[in-house]
Amino acid sequence: MTRVGIGYDVHRFAVGRRCVIGGVDIPHPMGLSGHSDADVLLHALSDALLGAAGLGDMGRYFPEEDPRWEGVSSLVLLAEVARRLASAGYRVVNADAVVIAEAPRISPHTEKMRANISQTLSIPPDAINVKATTHEQMGCIGRGEGIAAQATCMIEQTR
Ligand code: MG
């Protein structure tokens with residue numbers, strides 16, 4: 001049996017923060033604000049995976065008031081999500097995602113993001129796809145106030 005999931009996340013820019021997307025530290029005058037490293041792409045993907053398995057969302061496992069997750073790499077959170085899926089009897093078939101940002105430019109980094117995700121989920125790189133687009137200068141993302149990401153995935157039962 002296969003199941004699908006979706007995830008969406010948005011983080012606002014803040015000065016003095018790193019800009020980490022898909023586990024890649026991208027040079028930029030501003031970073032994303034949040035409790036962890038605020039990796040908007042990995043949060044959308046993690047929510048998609050949890051959703052596909054019917055396991056809720058990231059807020060259930062990584063609450064903002066928990067000091068354990070302060071400043072943590074979201075690759076660690078994604079690995080924990082993968083562990084929960086595996087113990088629930090699921091494996092990831094594939095995942096697709098899009099990062100929506102005016103700046104920085106995302107596309108030069110998507111192959112590295114893909115590698116980071118495939119390594120963390122222990123699935124082949126061709127099972128992961130990361131795309132980038134702008135918001136055509138419309139709305140809060142278009143004004144460069146933050147970055148958004150959407151993800152979708154398919155998982156299947158292993159037992
Ligand atoms: Mg988030």
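As the structure lists them, so they are numbered: ligands from 1, and atoms in each ligand from 1. All residue numbers in this chain count up from 1 along the given sequence.
Counting only distance, with no hydrogens or angles, the side chain of Asp39 and the backbone of Gly22 share a donor-acceptor pair below 3.5 Å. In this structure, the side chain of Lys131 engages the main chain of Ala97 through a donor-acceptor pair within 3.5 Å. Between the side chain of Thr158 and the backbone N or O of Gly89 there is at least one donor-acceptor pair closer than 3.5 Å. Glu156 places no side-chain N or O within 3.5 Å of a backbone atom of Val92 that could act as its donor or acceptor partner.
Distances under 2.8 Å from the Mg ion (ligand 1) pick out the protein N/O/S atoms Asp9 OD2, His11 NE2, His43 ND1.
Below 30°, between 30° and 60°, or above 60°: for Phe13 and His28 the angle between ring planes is between 30° and 60°, a tilted geometry.
Annotation: side chain of Leu85 is in contact with side chain of Leu55 (closest heavy-atom distance under 4.5 Å).
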